[in-house]
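Since the structure comes first, as structure tokens, the remarks are kept for the end.
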Protein chains: 2
Amino acid sequence: MTPPPRFVEDYLLALLAQASHAASAAFHARLKARGVAVPAWRVLATLHGAGEGVTVGQLGQSCLMQQPTMSKLLDRMQAEGLLARARRGRQTRITLTEEGAALADSLVTEARAHEAALLARHAEAAPALKALLRAIISG
Amino acid sequence: MTPPPRFVEDYLLALLAQASHAASAAFHARLKARGVAVPAWRVLATLHGAGEGVTVGQLGQSCLMQQPTMSKLLDRMQAEGLLARARRGRQTRITLTEEGAALADSLVTEARAHEAALLARHAEAAPALKALLRAIISG
DNA sequence: CGTCCATATATGAAAAGTCATATATTCGCG
DNA sequence: CGCGAATATATGACTTTTCATATATGGACG
């Protein structure tokens, strides 16, 4: 007889968090090897191909970070020469520098390869999964 | 014409992270209202119904935290009277105090209600989703 | 226009997390 | 047994995140 499953083993939010963690682990290790922290990677990925700047608030939302955390992360990335701030009225638009864009390009390429491998392992279910995740994200 | 989707908008790992975040947002707000931080909740949930103690390492894995982070979180929760440590050889087994167990019970009840509401909103797809997440977690 | 309110970002002090390493404790094995 | 490698947890110095709040701009409306 299997014992009744403990709460946490069947709890959807735990499964989601663990799946997200597990799926990202390999790529996150690559990031670390390259000296890029996960939050910085998220900023780079969000800015990748985002022509004329994204605001601090938008970055916060997209990267799942609170606004003050984002402001300070941007401070550091700016100090590293990866991005630039441009105040436009009451908002601040962020753009990648050449160096930042090069790093973003390179990492996005790696990320795509990792994603392709992961999708291949779940080929039949992947499209449905993405759709479902989108539905969850939309509320 | 829709523009080509930006990388981050179709990247599986981003979708997973965002879905996890979005799905948890409402419950996390409830936790905050109750003065319980997310990492502490994860510990309580993991210990809920885990009879004779879980080790620090197991907690770290289940809660997606690194070991030193977990040790320090346990320090705080122990100081709040939620759990107890018992050294057993080279490992430390953690058990909930009565107070901790009461809090865990109460929060688990709330969590189940939230989960039920979320599952209801995706009734057809939910079982497949859980199975798929488990597959991703298993590697 | 000026005053009041909402929105966008920044900042300072405190809390939590991280990395490297210290401290035990167990295990394999000569 | 006793010694070295492996495993489990703890701790200290440092970095990042958070919470509360400050600053600054845009908007609505008298």
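Because the structure is predicted, anything quoted here is derived from the model rather than measured. The sequence lines fix the lettering, A, B, ..., with proteins before strands; numbering per chain opens at 1.
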*Is Asp10(A) salt-bridged to Arg112(B), cutoff N-O under 4.0 Å?*
no
*Want to settle it: does Pro39(A) or Gly89(A) sit nearer the 5' end of DNA chain D, counting the closest nucleotide to each?*
Pro39(A)
*Would His122(A) and Leu129(A) satisfy side chain to side chain contact (heavy atoms under 4.5 Å, CB included), going step by step from the backbone distance to the final call?*
CA-CA 9 Å; His122(A) 304 278; Leu129(A) 175 60; over 6 Å; no
_Quick check for you: among dC19(C), dA10(D), dT9(C), whose closest atom lies nearest to any side-chain atom of Gln66(B)?_
dC19(C)
*Identify whether any heavy atom of Arg85(B) sits under 4.0 Å from a base atom; if not, whether one sits that close to sugar-phosphate; answer base, sugar-phosphate or nothing.*
sugar-phosphate
*If you check every side-chain atom of Pro68(A), which of dT17(D), dC19(D), dA20(C) has the closest atom?*
dC19(D)
*Rounded distance in Å - CD (Gln91(B)) to C1' (dT9(D))*: 10 Å
*Does any donor-acceptor pair link the side chain of Arg90(A) with the base of dT9(C) at a separation under 3.5 Å?*
no
*Among dA10(D), dT26(C), dT18(C), which nucleotide sits nearest the side chain of Arg87(B)?*
dA10(D)
*Regarding Ser20(A) and Ser20(B), is there a side-chain donor-to-acceptor distance under 3.5 Å anywhere?*
no
*asked:* According to a hydrophobic-cluster definition based on side-chain heavy atoms being under 4.5 Å apart (Ile, Leu, Val, Met, Phe, Trp, Tyr only), do Ile136(B) and Leu64(B) belong together?
replied: no
*Of the nucleotides dG12(D), dT17(D), dA16(C), which one has an atom closest to the side chain of Lys72(B)?*
dG12(D)
*Nearest-Å distance, CG (Asp75(B)) to C1' (dA10(D))?*
8 Å
*Are Leu16(B) and Leu31(A) connected in the hydrophobic side-chain network, where two residues link if heavy atoms are under 4.5 Å apart?*
yes
*What integer distance in Å separates Met65(A):CE from dG17(C):P?*
16 Å
_Distance test, side-chain N/O of Arg76(A) to OP1/OP2 of dT17(D), below 4.0 Å_ = yes
*Checking all strands, does Thr92(B) fall into the base, sugar-phosphate, or nothing category for heavy-atom contacts under 4.0 angstrom?*
sugar-phosphate
*Could you state the atom-to-atom distance from CZ of Arg88(A) to P of dT25(D) in whole Å?*
16 Å
*Can you tell me how far P of dT16(D) sits from CG of Leu74(A), to the nearest Å?*
13 Å
*Would you mind reading off the distance between Gln78(B) atom CD and dT9(D) atom P, rounded to a whole angstrom?*
14 Å
_Let's see if you can work this out: which of dA10(D), dT7(C), dA8(D) has an atom nearest to the side-chain heavy atoms of Val56(B)?_
dA10(D)
_Between C1' of dT9(D) and CG of Leu73(B), the distance in whole Å_ = 15 Å
*asked:* Counting only side-chain heavy atoms from C-beta out, which of dA6(C), dT9(D), dT9(C) sits nearest to Gln67(B)?
replied: dT9(D)
_Rounded interatomic separation in angstrom, taking CG from Leu59(B) and P from dG17(C)_ = 14 Å
*Think Thr69(B) has a side-chain N or O under 4.0 angstrom from the OP1 or OP2 of dT18(C)?*
yes
